Amino acid sequence: MKWNLRWAAAKRDIWRPVDLQAAFAKVGFTPSLSKVAALWGGTPVTVRLDDLDKICAALQCTVADLLEAEPVAAAQNLEEQDRVVGGEAGPVRPVPRREGPRRLRPPN
């Protein structure tokens, strides 16, 4: 997924995390400045649906404006592996890791 918060904010003439925090406060969403800066600076790993609703209300946008689906390279690799598995190459098996000699640690 592509996170377009900065684009949605720019459409509302918001250019800094502090200004975004002020827009959030107008709709009753009061995250810390560090959380706003994290949302501003990059794609979040998780976003609560309630928070997403409040972000959309503050920016007067939809979820589709904030999130954009992108093709994932991993999904494309899985498709290629499926073709190999279904072909003459046979099933793909996991390769065990080779580990060196185990070191025993002293008890705590």
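Keep in mind the model is a prediction, meaning the values are calculated, not measured. Heads up: numbering here begins at 1 and tracks the sequence.
F29 and V63 end up in the same hydrophobic cluster when Ile, Leu, Val, Met, Phe, Trp and Tyr side chains are linked at under 4.5 Å.
Across W3 and L67, no two heavy atoms sit closer than the pair CE3-CD2, 3.4 Å. Minimum heavy-atom separation, W40 to W15: CZ2-O, 3.2 Å. The shortest non-hydrogen separation linking E68 to N4 is OE1-ND2, 3.3 Å.
C61 is linked by a side-chain contact (heavy atoms from CB on, under 4.5 Å) to A8, C56, L59, D65, L66, counting only residues two or more places apart in sequence or in another chain.
With rounding to the nearest 0.5 Å, the separation of CG in L49 from OG1 in T46 is 10.5 Å. The structure places CZ of F24 at 4.5 Å from CD1 of I55, a figure rounded to the nearest 0.5 Å. The structure places CZ of R6 at 13.0 Å from CD1 of I14, a figure rounded to the nearest 0.5 Å.
Applying the salt bridge (Lys or Arg N to Asp or Glu O under 4.0 Å) test to every pair with at least one member in residues 22-34, sequence neighbours left out, gives no pairs at all. Every pair passing salt bridge (Lys or Arg N to Asp or Glu O under 4.0 Å) that includes a residue from residues 41-60 is listed here, sequence neighbours excluded: K35-D51, R48-D50.
Each of L5, V36, L39 was checked for a side-chain contact (heavy atoms from CB on, under 4.5 Å) with P17, and the lone residue meeting it is V36.
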